[in-house]
Amino acid sequence: MTSTIRNTLLLVLAAITMAGCGAIGAAPQAGEVESGGTLVRAMTAEPAQIDPQGTPSSGLSLVMPYIFDTLVVRDVDNSVHPLLAASWEVSEDGKAVTFELKEGVTFHDGTPLNAEAVVYNFERFKEVGTRSPIYGGVMQIAGVEAVDDLTVRFTFDEPAANFWSTISMPYAGIISPESVKVAEEAGEGHLVGSGPFVLESWQAGQEIVLSRNPDYSWGPPIVDNQGPPHLDALVYKVIPDATTQLAALQAGEVNAIFINQPSHKLSLEEDDSVQLDEALMNDLIYLGYNAQKPPFDEVAVRQALSHAVNKEEIVSLALGGLGQEAFAPLPPGLPGFDTSLKEYELGYDPEKAKTLLEEAGFEQQDDGTWERDGQLLEGLLLTSTRAPNEAIATLLQSQLKAIGVPVEIQQLDSRAVMQATTDGQFDLLLWRYGWNDPDALNIFLSSDRIGRTNRVGYSNPEFDALVGQGAHELDEETRINLYVDAQKIVLEEAAWQPLYNPFNVMAMGEEVQGAETGHMGRLLLNDARVMEEE
């Protein structure tokens, strides 16, 4: 692959360029595949629909990567590698990226992947993807042009440093244009991609079955098997309760579950028939405040509540050590994370919390609560039903009560929480994000994302300017400094109180071989097999 990159692009794109160069070679041919068995994985909640460009919902990110391929894919070290793209070239000014697509790629409906299909996808995204977390990144693309059948060029009004993070996310999976047309004309049906598995059946509330794509021969270089998966099928069983999932794994009814409860991990550590794969995620669990609603629109109030939070207690008691305390809005694995931000943390200090409330004009009552102008300082803490949120929320409730702030906990399914935050029907929010680029700050906290991915309604022009510049800055050192400065504002104004960075723990039966945890905790199954007992 040849790439022309000006000097300021070298640090940002060096790993990308090397990854692209290393991928050139003959792809394995599809053909007869020896049966690798069926892998059954528990799913807490099924997606509302399987459309990468639609509104995100629980379970969608679990299914998408196996049905839809992206142009490029990231490895665990955040390096970028080819998937549907064979190679690419970046213009001198950073305002154009030209991709050569792999030959012979077909969608599950038999139609070919070509440049026109890619153009169609990004044009459709701009029309229907307004609620997607990568919508802002997609909207930075000024134009997409089919240069020839297998060459597609993306152009930008300004260089887009977050372009690679945008197109490597599962939400950027390429859909068959024909499947969209068929589904729209029929008023039903599923969209299809070119991934290693095909959607075979979907029984609502019960299971989603994906079968092997026998024609697959364009897998990424981050896996050994770039041809059809060894697995005959991948089955997602809908099991909402974590304890029931654990029992299903131990009974052999499922082969893999995600663990986020300490007691479950402890019990499985003693089970020789189960293998555990643990890794620190590029995720953050945070306590957010509704910055559009009094009195949480006041910095002093948000700071006070932040000082009431004992993160050490949360990690040790609610998580049993399945995470590490967080002090920054970006996780440690992302560029822009800086240990110097520790000094800006609003650490556990109940007396400081009370002092701040007094300075904000609240008076403490005989029962320990706080009032101002006859209004009690209290709140509704909203979170999802996903474990271990109940344990964390209960601890937060206790910690806030200790400084005299009563809090009611409301747990809803993830879709309901998303709607409630869009409507502003909360005071405090216990939530989680995971991302592959420091542009996460822009996505989840910039003013133009309020009502969408900015769930707390935070707005600060200085912050917006910093993350906006960061999205276009191609010099890595300068870009990192912009995000460090942006995080200082988030911490000083307590837009979020970072709580912890979670460990991803995947539990699999000993019969599962060749499955690996990839980027952002995704389970790579190209090389996996489920071995039957002899």
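Along the sequence shown, the residues carry numbers beginning at 1.
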With sequence neighbours excluded, residues passing side chain to side chain contact (heavy atoms under 4.5 Å, CB included) with V76: none
Rounded to the nearest 0.5 Å, how far does CE of M139 lie from OG1 of T166? 12.5 Å
Taking G518's backbone N and O only, do any of them form a donor-acceptor pair with R74's side chain (distance below 3.5 Å, no angle check)? no
Does E89 use its side chain to pair, donor to acceptor, with the backbone of T98 at less than 3.5 Å? no
Listed partners of A416 passing side chain to side chain contact (heavy atoms under 4.5 Å, CB included), at least two apart: L412, D413
Tell me the side chain to side chain donor-acceptor pair (under 3.5 Å) pairs involving residues 432-442, sequence neighbours left out? N162-D439, S168-N436, D283-R432, D437-R479, D439-N442, N442-S446
Suppose we screen for side chain to side chain contact (heavy atoms under 4.5 Å, CB included). Which residues come up paired with Y120, at least two apart in sequence or across chains? R124, P177, V180
In plain terms, say whether E378 and K401 are close enough for a salt bridge, that is, a side-chain N and a carboxylate O under 4.0 Å apart. no
Any side chain to side chain donor-acceptor pair (under 3.5 Å) involving residues 346-357? Give me the pairs, sequence neighbours left out, ordered by first then second residue. none
Do T421 and R455 meet the criterion of a side-chain donor-acceptor pair at a distance under 3.5 Å? yes
Holding to side chain to side chain contact (heavy atoms under 4.5 Å, CB included), I want the full list of residues that pass it with A42, two or more places apart in sequence or in another chain. I239, Q245, I257
Determine whether P170 and R522 make a side-chain contact, defined as any pair of heavy atoms from C-beta on separated by less than 4.5 Å. yes
With a 3.5 Å cut-off and no angle check, do the side chains of Q140 and H472 form a donor-acceptor pair? yes
Would you say the side-chain atoms of N389 and Q411 include a donor-acceptor pair closer than 3.5 Å? no
Atom pair CG (L491) and CD (E345), whose distance is rounded to the nearest 0.5 Å: 8.0 Å
Separation between CD1 of I222 and CG of D75, rounded to the nearest 0.5 Å: 5.0 Å
Do Y289 and S306 have a side chain donor and acceptor closer than 3.5 Å? yes
Do L523 and Y66 have side chains that get closer than 4.5 Å, going by heavy atoms? yes
Between E477 and N481, do the side chains contain a donor N or O and an acceptor N or O under 3.5 Å apart? no
For D338 and Q487, test the side chains for any donor-to-acceptor distance below 3.5 angstrom and give the result as yes or no. no
